[in-house]
Amino acid sequence: MAEQSLKSKTAKGLFWGGLSNIAQQLLGLLFGIFLARILSIDDYGLIGMLTIFISISNTISESGFTAALTNRKEFRHEDYNAVFWFNIWVGIALYALLFFLSPFIADFFRRSELIDLSRILFLSIVFGAFGTAHNAVLFKRMMVREKAKMDLSALVLSGIIGVVLALSGYGYWALALQSLSYSAVGTFLRWCFVPWRPTFHFDFRPVKEMFAFGVNLLLTNVFMQINGNLFSVLLGKFYNAVEVGYYTQGNKWMSMGYMSIGGMINSVAQPLFTQINQERERQVQVLRKMIRFTAFISCPLMLGLGFIGEELIVIAVGDKWLPSVPILQLFCIWGMFLPIQFLYSQLAIAHEKSGFYLRSNVLVGIMQLVVACLMLRWGVLWMVFMHVVVNICVWFALWQWYVWKLIGLRPFDALRDIAPYLGSTLLIFAGVYFVTLPIENLWLSLVTKVALSAALYVGLMYGLKSVILRDCIDFVLGKKRL
């Protein structure tokens, strides 16, 4: 009965996580299309320059405590209460620090408007800090459906605010206030609907107990945020806001794709692995099935996004964004592997192996930094290309070895689980490319590529008797659990 309950929770979590993330990405796409057509490339570049400060501050404020709380076997109020008040004080301190550093940030990028813009945009750090403990409650209890409703509501309201401000001529302020309102509304909804409330009891001993585990996650996530936003800083410093805008747009479209998958996986992976972390053989079985499920979706979705990149960008946001297409296509190659990266990292976190998580990301991050600096003189395309190469060749090999050592999953078995879906996708896209090559109309080319590729992929999976496809169909029809 307990096993069936876990399967049911996992299946529902994947379903609602997938539905939520797809809906969020589609809504984000809709609002993004309006905003990208109205606003300038420079507007996006200015916001992109500040993203690294917000990302790092949010990571420091969260400090890895969501994962630490999830790994605890029992739900204790004092643990969440301590984390709540710790996040509040850290969030306020970080905002105060960045408030006074704003003139120096503006001087670094040589853009005086960043002073006022950053001081408003950085308020999202404080709003986010008020919701960290509530997010941990949602994550621990696998309340994926409830989180989906809150996130979608915040996205719709903030998107409307952004579009209205853009139409009113507010430029980059539209993007800033859209981001700020998303954080504020999301936190407000968590306070309204999450069944947990803090108390005025200041006991930080639970924070100290979780710190040894959380500090490795904190350092890892800070390092990942630095590397993830490194290009925006380098391009903003040594090039201009327009180059940052092209990079931001290409990366944003790729992120919308992989987050649809990664968000679904992340919503259930760590809680699931935590509950079975004493059963080695079962972990291997569960991980392999999740790898197959992830590859089944990520291979056609991410490579397909790159496949239709030119048509999609021109139709959606206009040909002024054409230079972002090759950036998108390169990132989509790595984006195909990112959801599997989420699986491996969540497995390590469930085993409380945050030390390796830190060391591996620092190693890959240092390599990315060196390569990005070496490629700087050659431009953003070479920087992105080498970024993808380093991640696939170094990161994937490193983590395959570690998962083998941790639970006994052989690298060959993982590659064998991925290969059928990757091979089928490449074969289908190669055929569709030659079929659609004579089509000059962008709309017709886009529709034909999507419809033909999807039909061939599902048909091929059905013909090969794919177990994952059958399980997905049966689950949707209510015949069985995943």
Side-chain angles (χ1 to χ4, degrees), residues 48-64 67 94 101 105 108-109 211-239 243-244 247-248 250-251 254-255 258 262 327 330-349 351-406 411:
M49 292 174 182
L50 298 176
T51 300
I52 186 171
F53 301 101
I54 298 174
S55 300
I56 292 175
S57 297
N58 286 334
T59 299
I60 293 173
S61 178
E62 195 273 341
S63 299
L94 287 170
L101 288 178
I105 295 172
F108 178 82
F109 289 112
F211 186 75
F213 173 76
V215 70
N216 285 330
L217 292 183
L218 168 62
L219 294 174
T220 302
N221 291 332
V222 167
F223 211 85
M224 290 175 65
Q225 293 297 342
I226 292 173
N227 283 286
N229 293 281
L230 177 66
F231 288 3
S232 295
V233 175
L234 292 176
L235 293 172
K237 176 64 176 177
F238 296 104
Y239 286 85
E243 289 296 325
V244 179
Y247 168 78
T248 302
N251 188 44
M254 184 277 290
S255 298
Y258 88 77
I327 299 173
L330 286 170
F331 269 132
C332 281
I333 299 173
W334 171 232
M336 177 181 64
F337 293 96
L338 271 173
I340 299 175
Q341 173 188 1
F342 291 161
L343 275 178
Y344 289 171
S345 60
Q346 294 301 305
L347 175 69
I349 292 170
H351 280 265
E352 299 191 354
K353 302 295 184 181
S354 56
F356 177 80
Y357 190 40
L358 170 61
R359 293 190 297 273
S360 63
N361 280 285
V362 168
L363 173 63
V364 175
I366 291 173
M367 294 183 66
Q368 290 173 349
L369 175 61
V370 172
V371 168
C373 291
L374 290 174
M375 294 293 108
L376 186 61
R377 62 178 296 188
W378 303 105
V380 64
L381 286 181
W382 276 103
M383 292 169 68
V384 174
F385 173 75
M386 292 306 300
H387 174 85
V388 171
V389 170
V390 168
N391 274 292
I392 293 177
C393 295
V394 178
W395 182 93
F396 204 65
L398 189 63
W399 272 88
Q400 283 294 161
W401 169 82
Y402 183 71
V403 171
W404 171 55
K405 298 291 289 185
L406 185 63

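- Note that CD1 of I333 is 8.0 Å distant from CZ of F385, once rounded to the nearest 0.5 Å.
- A distance of 12.5 Å separates SG of C393 from CG of L398, quoted to the nearest 0.5 Å.
- Smallest separation of non-hydrogen atoms from W399 and Y344: CZ3-O, 3.3 Å.
- Note that the CG atom of L376 and the CH2 atom of W378 stand 12.0 Å from one another [nearest 0.5 Å].
- Separation of atoms CG (L406) and CH2 (W401) is listed at 10.5 Å; rounding is to 0.5 Å.
- At a threshold of 4.5 Å between non-hydrogen side-chain atoms, the residues F337 and N391 do not count as touching.
- The CG atom of L330 lies 11.5 Å from the CE atom of M386; values are rounded to the nearest 0.5 Å.
- Classified by interplanar angle (parallel below 30°, tilted 30° to 60°, perpendicular above 60°), the ring pair H387/F331 is perpendicular.
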Item to complete: Verify side-chain contact (heavy atoms from CB on, under 4.5 Å) between R377 and W382, making sure each step is shown before the conclusion.
Response: CA-CA 9 Å; R377 62 178 296 188; W382 276 103; over 6 Å; no
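- The 12-atom threshold is exceeded at CE of M375, counting heavy atoms of other residues, nucleotides or ligands nearer than 6.0 Å.
- Atoms CG and CG, on L101 and L94 in that order, are 10.5 Å from each other to the nearest 0.5 Å.
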